[in-house]
Q: 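Quick one: the structure is below, questions incoming.
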Amino acid sequence: ADEAGFKTYSKFDFVPGDKVIAYDDFSKDAVGDFPVAWNTNSSGEVVTASGQQGHWLMVRKQGKYIPEYIKDFPDNFTFEYDLICDNPGQIWALYASVASLSDRGHPETWNTVDSRFTMSIAPGGDGNGGSTIERRKDGTGEASTSTETKQFAAKKLVHIAMWRQKERMRVYFNQEKAWDLPKAMSPNSKYNAIVWWLQGPGQNASYYMSNLRLGVGAPDTRKKILEQKKWVTHG
């Protein structure tokens, strides 16, 4: 009955895929150059950053960016990367889209493909940022949805994780679960690319990303149990 003592309990449920399909920390790319295994219709460069280890891809100009070595997303995967924004509030939103491209040589077509899951990140100047998701499945678009987040403060590293289990998609900012969508992905489409789109140029502001990791994840056993009314295991 004591309202002041009311508490809730949860847990961080993200489980990274144990089989790594792709990893990129730009360690093989020269500082000042655009990554050799990426494509863009704009420009970017590999840099080092004070207070951070390794190499980072700096993005500050409007355009699309795609890692060419990611050519397939399995039905169950986890995709993670680190992101920093040095001047939130002075740069446009950054979109990340898991898409089914008909022509990987033209990533600018990401928004017109039959199936895609798109997430935007819009850091706020005071650390109060926002995120929007858009879904398009088998040629049919769905209305976008937005949420707030306090994870994107200036020059603060944010670990972003996406977890797909067939149709379900979960997105985490650090240990905050921003999205958990049971019907986000098309079970019929072949997703073959991730495309970042910077909506507009930054005013003395940039995004920095590194430590990209794509792994094979575990299937959604919860859904199988609900559908089959049973679960069988051996060993």
Side-chain angles (χ1 to χ4, degrees), residues 5-25 67 70 72-85 93-99 115-124 127-137 142-153 156-187 189 191 194 196 209-235:
F6 179 76
K7 297 180 180 180
T8 60
Y9 302 89
S10 185
K11 69 175 183 176
F12 180 56
D13 62 346
F14 176 72
V15 180
D18 54 1
K19 180 181 178 181
V20 179
I21 302 175
Y23 181 81
D24 195 355
D25 60 2
I70 296 180
D72 177 64
F73 282 97
D75 289 344
N76 302 289
F77 72 80
T78 60
F79 182 71
E80 307 167 69
Y81 61 101
D82 293 330
L83 186 70
I84 300 173
C85 184
L94 180 65
Y95 290 74
S97 185
V98 178
S115 296
R116 62 177 171 86
F117 173 83
T118 303
M119 172 196 66
S120 75
I121 296 166
N128 294 319
S131 177
T132 299
I133 59 101
E134 302 174 14
R135 293 170 289 180
R136 186 173 176 84
K137 296 187 293 184
E142 300 181 8
S144 63
T145 310
S146 298
T147 189
E148 297 180 348
T149 178
K150 296 183 181 296
Q151 301 297 321
F152 291 92
K156 176 185 177 183
L157 186 152
V158 180
H159 186 72
I160 299 172
M162 307 170 71
W163 185 5
R164 179 195 180 188
Q165 292 178 308
K166 199 67 174 182
E167 294 181 77
R168 185 182 185 185
M169 176 66 84
R170 282 172 277 189
V171 180
Y172 305 80
F173 302 146
N174 293 327
Q175 292 195 2
E176 173 190 325
K177 185 191 288 185
W179 301 103
D180 191 348
L181 309 167
K183 297 291 183 178
M185 311 294 285
S186 165
S189 294
Y191 295 90
I194 182 165
W196 282 272
M209 69 174 71
S210 189
N211 303 316
L212 287 72
R213 183 187 187 275
L214 174 62
V216 176
D220 190 353
T221 54
R222 178 190 69 169
K223 182 177 180 180
K224 288 189 175 181
I225 292 173
L226 292 174
E227 291 179 345
Q228 301 175 5
K229 308 301 182 185
K230 65 180 180 180
W231 179 253
V232 179
T233 182
H234 303 278

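Just so you know, these numbers come straight off a predicted model, no measurement behind them.
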Q: Are the side chains of Phe12 and Asn174 in touch, meaning some heavy atoms are under 4.5 Å apart?
A: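 Counting from C-beta outward, Phe12 and Asn174 never come under 4.5 Å.
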
Q: Drop me the distance from Met209's CE to Asp25's CG, to the nearest 0.5 angstrom.
A: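 Those atoms lie 14.0 Å apart.
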
Q: If I compare all heavy atoms of Arg135 with all of Ile133, which pair ends up nearest, and what's the gap?
A: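 Shortest heavy-atom separation between Arg135 and Ile133 comes out as NE-CD1, 3.9 Å.
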
Q: What pairs with Phe77 under ring pair (Phe, Tyr, Trp, His ring centres under 6.0 Å), at least two apart in sequence or on another chain?
A: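 Once residues adjacent in sequence are excluded, the partners of Phe77 under the ring pair (Phe, Tyr, Trp, His ring centres under 6.0 Å) criterion are Phe73.
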
Q: Is Val158 close to Pro123 at the side-chain level, that is, under 4.5 Å between some pair of heavy atoms?
A: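 A side-chain contact under 4.5 Å is absent here.
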
Q: Just so I know, are the side chains of Thr145 and Leu181 near enough to count as touching, which here means a heavy-atom distance under 4.5 Å?
A: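 SC-SC contact between Thr145 and Leu181 ruled out.
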
Q: Is the closest side-chain donor-acceptor distance between Asp72 and Tyr191 under 3.5 Å?
A: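 On atom types as modelled, these side chains do not qualify, holding no pair under 3.5 Å.
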
Q: Could you tell me which non-hydrogen atom of Thr78 sits nearest to which non-hydrogen atom of Trp163, and how far apart they are?
A: CG2-CD1, 3.6 Å

Q: Of Arg136, Lys183, Arg116, Lys137, which meets salt bridge (Lys or Arg N to Asp or Glu O under 4.0 Å) against Glu142?
A: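 The residue from Arg136, Lys183, Arg116, Lys137 that satisfies salt bridge (Lys or Arg N to Asp or Glu O under 4.0 Å) with Glu142 turns out to be Lys137.
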
Q: Under 3.5 Å, is there a donor-acceptor pair linking the side chains of Asp82 and His159?
A: yes

Q: Which pair of heavy atoms, one from Ile194 and one from Pro67, lies closest together, and at what distance?
A: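 Minimum heavy-atom contact is O-CD, 3.4 Å.
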
Q: Could you report the tightest heavy-atom contact between Pro187 and Lys166, atom names first, then the distance?
A: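 Nearest heavy atoms, Pro187 then Lys166: CB-CE, 4.1 Å.
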
Q: In Å, rounded to the nearest 0.5 Å, how long is the span from NZ of Lys177 to NZ of Lys11?
A: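 Here the interatomic distance stands at 9.5 Å.
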
Q: If you look at every heavy atom in Tyr23 and Arg213, which pair is closest and at what distance?
A: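 What the structure gives for the nearest pair is CD1-CB, 4.0 Å.
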
Q: At what distance, to the nearest 0.5 angstrom, does CD of Glu176 lie from CD1 of Ile160?
A: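 Taking CD in Glu176 and CD1 in Ile160, the distance rounds to 11.0 Å.
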
Q: Applying side-chain contact (heavy atoms from CB on, under 4.5 Å), can you list everything that pairs with Leu212, at least two apart in sequence or on another chain?
A: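 Only Asp24, Phe26, Trp38, Tyr69, Phe79, Tyr81, Trp196 meet the side-chain contact (heavy atoms from CB on, under 4.5 Å) criterion with Leu212.
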
Q: Which residues satisfy the ring pair (Phe, Tyr, Trp, His ring centres under 6.0 Å) test with Phe152, sequence neighbours excluded?
A: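 With neighbours one apart ignored, the set is Phe173.
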
Q: Starting at CZ of Arg168, measure out to CG of Asp180 and round the result to the nearest 0.5 Å.
A: 4.0 Å

Q: So do Phe117 and Arg164 actually touch side chain to side chain, heavy atoms under 4.5 Å?
A: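 SC-SC contact between Arg164 and Phe117 ruled out.
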
Q: Please check: side-chain N/O of Thr149 versus main-chain N/O of Gln151, any donor-acceptor pairing under 3.5 Å?
A: yes

Q: Can you tell me if Ser120 uses its side chain to pair, donor with acceptor, with the backbone of Thr132 under 3.5 Å?
A: yes

Q: Please name the pair of heavy atoms, one in Val171 and one in Met119, separated by the smallest distance, quoted to 0.1 Å.
A: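 That would be CG1-SD, 3.3 Å.
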
